Amino acid sequence: MRDRRVILLWTVFAVVAAISIGLVLRRPDHLSDLYIYRGALVDLLAGRPLYGYEAANGGPFTYPPFAALVLWPVAVLPAAVLEATWLLLTVAAVIVVAVPVGGVLAAARPGEPAGRFSRPLAIAATATVLMLSAPVQSNLRFGQVSIFIVLLALLDGMKVVPARWRGVLVGVAAAVKLTPLLFVAYFLAARRYRDAARAVAAFLACAAVAAVALPRESWTYWAGTMTQTSRIGDLASLGNQSVHGMLLRVGLPPGALPVVWAALVAAICLVALWRARQLTADGRPGHAAVLVGCATVAASPVSWTHHQIWTVLAGMLLVGATGVARRVAGVALLVTMVVSLGVALGPVSTRPGVQFLFENARVLAACALCLAGFGGVAVAAARSRRRRPAGRAWLRVGVAVAATLAFFAVQPLPAGADPTFKAYSLAEVANPRYFFVCRSQAGCAAYGGPEPVTFGTAVEPTKVRVNGVVSAQVARLEYYSAPGGAPRDIPLLAAYPGSRTFSFRSATMSHGRLVAYGADGRPLATYDDELAAAFGRR
């Protein structure tokens with residue numbers, strides 16, 4: 001007899017996939033990354049440099065040269081065929097990823113007669129949750145390759161591939177995108193030496209093929225482009241949920257940032273590899289592979305939303321684990337990967353530290369998984385069959401959550417915690433993206449009012465822009481991005497006769513404060529609720 005839950009879940013999956021594809025195709029900027037690949041490859045075919053390409057939105061081609069060979073059909077297929085094929089392949093990849101992970105969820109645990117879920121139900125549930133998650137939605141929206149990279153590394157890491165070919169898929173995936181190279185270290189830690197050798201050989205073979213086919217591009221990439229992570233975009237934006245991105249948002253001094261980042265990444269990767277080795281020895285290569293994947297998300301200098309599929313898979317494995325604490329952690333993780341907590345809870349957070357927790361929840365979750373997540377817990381659970389009372393488990397969960405929120409609630413974030421801040425100069429007045437409330441002398445004169453400062457806000461996905469005019473009584477304007485931090489001076493620009501304007505940007509304004517001072521140094525007016533309201537509309 002067919003399980004109606006399985007039919008229901010696959011129906012939900014199909015509906016969500018269809019709606020998602022429809023919404024993607026309605027966007028004017030749909031599949032923007034896919035069209036970056038296409039534009040760069042068209043330029044390459046025309047004899048122009050691959051890494052000199054820049055799309056209309058400023059996006060460059062950032063992958064190794066072998067990726068250009070793999071993506072070659074993107075340049076020649078008609079646009080409509082390309083879009084339909086890519087979106088359908090992305091949906092198919094989600095299903096293929098769900099099959100082995102669902103198998104892990106359905107597998108019987110040591111000492112138990114059967115798994116908690118049937119295999120068809122576990123696969124359907126995994127596919128549906130993946131389709132609802134922000135990482136998969138991001139892959140669909142941008143036309144990204146990340147889902148295919150995860151698929152290749154997952155099949156190799158979980159030993160789905162026949163033994164004599166294991167490691168090859170990781171090598172090919174790393175030749176397209178470098179982050180799966182951490183799986184080579186995992187193979188070594190887990191004593192899968194032949195798999196590690198095959199992965200390295202496949203990676204070098206792919207790089208050699210690209211060097212023969214694209215010698216100029218290969219030299220450009222490996223000799224310098226590879227290390228230029230700033231080409232990818234604003235690494236301090238909230239979309240970069242890696243340790244590096246979080247440290248940029250904390251506002252570490254430039255000299256200390258590389259050292260702190262390297263130390264944290266080394267610790268995270270070493271602990272994750274050690275736990276992955278334990279899991280492999282315990283017969284859980286699926287958990288081990290997902291754990292290593294989470295380490296790539298945390299450790300990479302850049303981890304956009306579409307990279308974070310590994311964290312969703314970790315959430316599913318936690319939900320399927322034994323113990324109240326692990327299931328609650330899994331549900332919380334899945335909620336974090338479906339909903340942007342920084343946006344959803346920003347208007348109700350009352351402390352900068354709590355807002356920081358919400359805005360960095362995904363990278364903090366990935367780090368927690370690597371350091372103290374299901375890896376070590378799963379090993380301990382497999383070796384100990386003692387069941388603790390559910391009431392005590394719920395109490396431990398409640399205490400842990402309360403302690404975490406209390407810790408972040410007392411953290412004062414300095415003004416330097418907003419490294420995306422920039423105040424615009426007189427030379428940039430002509431840019432309508434920066435100066436939008438008054439674009440002429442008459443416009444500025446009409447926009448000003450009785451208030452010392454009159455301003456408007458422009459809300460973008462990763463920042464808020466403030467542009468306005470000041471009255472004649474204002475001598476100085478300052479912006480505080482967080483309580484207790486040093487102020488930022490906002491230049492007052494005499495762009496037009498008889499008026500002064502200003503413009504600046506900030507990553508978050510949930511706790512921003514704009515203060516206008518008179519010639520005597522006394523504050524004339526303070527604006528904070530208006531800025532918080534602007535952040536709440538994001």
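In this text the structure is predicted, and so the values were computed from the model without any measurement.
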Partners passing disulfide bond (SG atoms under 2.5 Å apart) against Cys269 (at least two apart in sequence or in another chain): none
Nearest heavy-atom neighbours spanning Ala361 and Thr336: CB-CG2, 3.7 Å
For Ala267, all residues meeting side chain to side chain contact (heavy atoms under 4.5 Å, CB included), sequence neighbours excluded: none
Aromatic ring pairing Tyr424/Phe435, orientation class (parallel under 30°, perpendicular over 60°, tilted between): perpendicular
Stepwise side chain to side chain contact (heavy atoms under 4.5 Å, CB included) test for Tyr53 and Ile36: CA-CA 9 Å; Tyr53 174 79; Ile36 289 177; 4.2 Å; yes
Contacts of Tyr221 that satisfy side-chain hydrogen bond (donor to acceptor under 3.5 Å, both in side chains) - sequence neighbours left out: none
Verdict with supporting geometry, Val74 and Leu34, side chain to side chain contact (heavy atoms under 4.5 Å, CB included): CA-CA 8 Å; Val74 168; Leu34 179 61; 4.1 Å; yes
Ile95 and Phe13, any side-chain heavy atoms less than 4.5 Å apart: yes
Pairs where residues 47-58 contributes a residue and the test salt bridge (charged side-chain N to carboxylate O under 4.0 Å, His left out) is met, not counting sequence neighbours: Asp43-Arg48
All side chain to side chain contact (heavy atoms under 4.5 Å, CB included) counterparts of Ala458, not counting sequence neighbours: Phe436, Arg465
For Tyr527, all residues meeting ring-ring contact (aromatic ring centres under 6.0 Å, His included), sequence neighbours excluded: Phe455
Residue that, paired with Ile309, satisfies side-chain contact (heavy atoms from CB on, under 4.5 Å) out of Asn139, Val94, Val297: Asn139
Atom pair OH (Tyr517) and CZ (Arg522), whose distance is rounded to the nearest 0.5 Å: 13.5 Å
Pairwise side chain to side chain donor-acceptor pair (under 3.5 Å) hits with a residue in residues 67-88, at least two apart: His30-Glu83, Tyr35-Glu83
Short side-chain to backbone donor-acceptor contact, Ser218 and Ala210, under 3.5 Å: yes
Residue pair Asn467 / Tyr434, side-chain heavy-atom distance below 4.5 Å: no
Leu333 and Leu369, any side-chain heavy atoms less than 4.5 Å apart: yes
Min side-chain heavy-atom separation Leu44-Leu214 under 4.5 Å: yes
Side-chain heavy atoms of Ser506 within contact of Val466, under 4.5 Å: no
Separation between CH2 of Trp222 and OG1 of Thr225, rounded to the nearest 0.5 Å: 11.0 Å
Asp489 vs Glu478 side-chain heavy atoms within contact, under 4.5 Å: yes
Heavy-atom donor-acceptor pair, Ser242 side chain to Ala299 backbone, under 3.5 Å: no
Leu140 side, atom CG; Leu23 side, atom CG - distance, nearest 0.5 Å: 10.5 Å
Tell me which donor-acceptor pairs under 3.5 Å the side chains of residues 130-137 have, and how far apart each pair is, sequence neighbours excluded?
from, atom 1, to, atom 2, distance (Å)
Ser133, OG, Leu130, O, 2.6
Gln137, OE1, Ser20, OG, 3.2
Gln137, NE2, Ser20, OG, 2.9
Gln137, NE2, Met131, O, 2.7

Reported CG-to-CG distance for the pair Leu291 and Leu313, which is rounded to 0.5 angstrom: 12.0 Å
Where His307 and Val302 come nearest, the two heavy atoms and their spacing: ND1-O, 3.4 Å
Considering all heavy atoms, the nearest Phe183-Ala153 contact: CE1-CB, 3.9 Å
Side-chain donor-acceptor pair present, Glu428, Ser425, cut-off under 3.5 Å: yes
Rounded distance (nearest 0.5 Å) linking atom CG of Leu50 with atom OG1 of Thr62: 10.0 Å
Pairs flagged by salt bridge (charged side-chain N to carboxylate O under 4.0 Å, His left out) wherever residues 440-451 is involved - sequence neighbours left out: none
Least distance between heavy atoms, Ala298 atom then Ile268 atom: CB-CG2, 4.4 Å
Between CG on residue Asn431 and OG on residue Ser503, distance to nearest 0.5 Å: 9.0 Å
Sub-4.5 Å side-chain heavy-atom contact between Pro180 and Phe203: no
Heavy-atom closest contact (Val172 atom, Cys206 atom, distance): CG2-SG, 4.1 Å
Candidate pair Arg500 and Val474, rule side chain to side chain contact (heavy atoms under 4.5 Å, CB included), full reasoning: CA-CA 10 Å; Arg500 289 176 298 162; Val474 176; 4.2 Å; yes
All side chain to side chain contact (heavy atoms under 4.5 Å, CB included) counterparts of Pro491, not counting sequence neighbours: Ala423, Leu493
Aromatic ring pairing Tyr37/Phe61, orientation class (parallel under 30°, perpendicular over 60°, tilted between): perpendicular
Residue pair Asn240, Ser303: steps toward the side chain to side chain contact (heavy atoms under 4.5 Å, CB included) verdict: CA-CA 5 Å; Asn240 182 14; Ser303 291; 4.3 Å; yes
With Asp29 via side chain to side chain contact (heavy atoms under 4.5 Å, CB included) - residues at least two apart: Arg27, Arg141
Taking every non-hydrogen atom, the tightest pair across Phe148 and Ala93: CE2-CB, 3.8 Å
Val70 side chain reached by Val145 side chain, heavy atoms, under 4.5 Å: no
side-chain hydrogen bond (donor to acceptor under 3.5 Å, both in side chains) involving Ser146 - partner list, sequence neighbours excluded: Gln144, Lys177, His306
